[in-house]
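All chains are named by letter (A, B, ...) in the order of the sequence lines, taking the proteins before the strands, and each is independently numbered beginning at 1. Only this structure's heavy atoms are used, side chains among them; waters, hydrogens and symmetry mates stay out. For clarity, every value in this text was computed on a predicted model and none was experimentally measured.
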There are 2 protein chains.
Amino acid sequence: MRPNKRDELIRKSLEIFYRDGFHATGMDKLVKETGISKTSMYKHFRTKEDLILAVLRLRDENFRNWFYRRVEELAEAPPARLLAMFDALDEWFRSDGFRGCMFIKASAEYQDRGDPIHVQSAEHKRLLLDYATRLATEAGATEPASLARQLMLLKEGAIVIAAMTGNLDAAEDAKRAAATLLLAQLPA
Amino acid sequence: MRPNKRDELIRKSLEIFYRDGFHATGMDKLVKETGISKTSMYKHFRTKEDLILAVLRLRDENFRNWFYRRVEELAEAPPARLLAMFDALDEWFRSDGFRGCMFIKASAEYQDRGDPIHVQSAEHKRLLLDYATRLATEAGATEPASLARQLMLLKEGAIVIAAMTGNLDAAEDAKRAAATLLLAQLPA
DNA sequence: GACTAAACTGACAGATCGGTACAGTTTTGC
DNA sequence: GCAAAACTGTACCGATCTGTCAGTTTAGTC
């Protein structure tokens, strides 16, 4: 089983699911738009759900890799990196094809907290919270976990507002709020 | 055309759409669960979309009425009311059947910003931002619009995190962050 | 009790849903 | 050059999708 076609299917499906949603994307549409036959799809994935889970795994990997790298390029010291998260967010909002957070959308369509798709989406958020907590610890926050959770609230809020209202300056607002929080919760 | 049945249809449909999602709820399920015939439904609403729009109108009315009332019960002075928003949020998260924000979910399923469902969902967020801006102005904030936007980011973030991860303490985190912002951005 | 209008039932379109079966073609490794 | 693996297109399954239609029951009013 050569991984080429399989990876290509996941990559292309990601774009389509991200653009059109999960329930709104049928397997026949995937056949048409990816050019991959339905037989092949069902040889690689037993169900549509399995395909979606693979898509979410790729998305998680791509997004976190990009985000971590970008944050570390934009700033050196941990406190500055906490702020740089919102600069990276800003770049994402203004990039072509921005359509909000795929995991928020996935968990909105598969609401049951026992649903594998929901579980995996929540896991993505947990990993990003862990990252922020690590940064907050390195930055010397008195309560790093609490600070990280607060910053993540700003991040999620900015994503939702940017996607819903089209206000791409949401990251800027979030950054200003984050700066205020850092000023109050980091030792001078 | 007695409005009873129509209102009953909207009310019951709201619960089902909120619980199961929009695409995942077919008209046949609505027939089964509401006990109202399909013919009657299509006499009141030309399409499923029209029904969804009516549901969202009711949800907007109910939610904003409840939220405003609760905030005003919980605190008297405008600065305290800005904080009380997060106490109301906390009550909502812990209430039975909490399933996140219906408008975030609606805009996640109907992503095109031209889609009437998306437009109406965004309008709900705009109205709540207006309310927060009014409170921030009354509280004497130097930049009421900016402060209100920041507080709304915390609110949306808390809703998303509570719904996705089941962490119901999200409102508490948001309140702590909000308190920090108020301390910095309101005149002593 | 007759008349009217609303709300009902149930069957039925036509399309699409996720998923399968089958027969034939291309690609791959050796 | 040959066999195995991976692919393709097409036709199909039963279920479900939104929406329609003819015919019947229900309810209120004179």
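- Between A:Y42 and the phosphate of C:dT20, there is no side-chain N or O to OP1/OP2 separation shorter than 4.0 Å.
- Distances were taken from every side-chain heavy atom of B:M27 (C-beta onward) to each of D:dT18, C:dG19, D:dC7; the shortest belongs to D:dT18.
- A residue-by-residue look at B:E49 and A:T39 shows that A:T39 has its nearest nucleotide of DNA chain D further toward the 5' end.
- The NZ atom of A:K48 sits 15 Å away from the P atom of C:dT20 (whole-angstrom rounding).
- Between the side chain of B:Y18 and the backbone N or O of B:M102, no donor-acceptor pair lies under 3.5 Å.
- The side chain of B:D28 approaches D:dC17 more closely than any other nucleotide in the set D:dC17, D:dG9, C:dT9.
- Between B:R94 and B:D90 a salt bridge is recorded (basic side-chain N to carboxylate O distance below 4.0 Å).
- At the phosphate of C:dG18, neither OP1 nor OP2 sits under 4.0 Å from any side-chain N or O atom of A:H23.
- At a cut-off of 3.5 angstrom, counting only N and O atoms as typed in the model, there is a donor on one side and an acceptor on the other between the side-chain of A:K38 and the base of C:dG19.
- Using a 4.0 Å heavy-atom criterion, one finds that B:G35 contacts no nucleic acid atom at all.
- We find that B:D169 and A:R149 are not joined by a salt bridge, their nearest charged nitrogen and carboxylate oxygen being 4.0 Å or further apart.
- Remark: side-chain polar atoms of B:R113 are paired, donor with acceptor, to backbone N or O of A:A163 under 3.5 angstrom.
- We find that NZ of A:K43 is positioned 15 Å from P of D:dA4, with the value rounded to whole Å.
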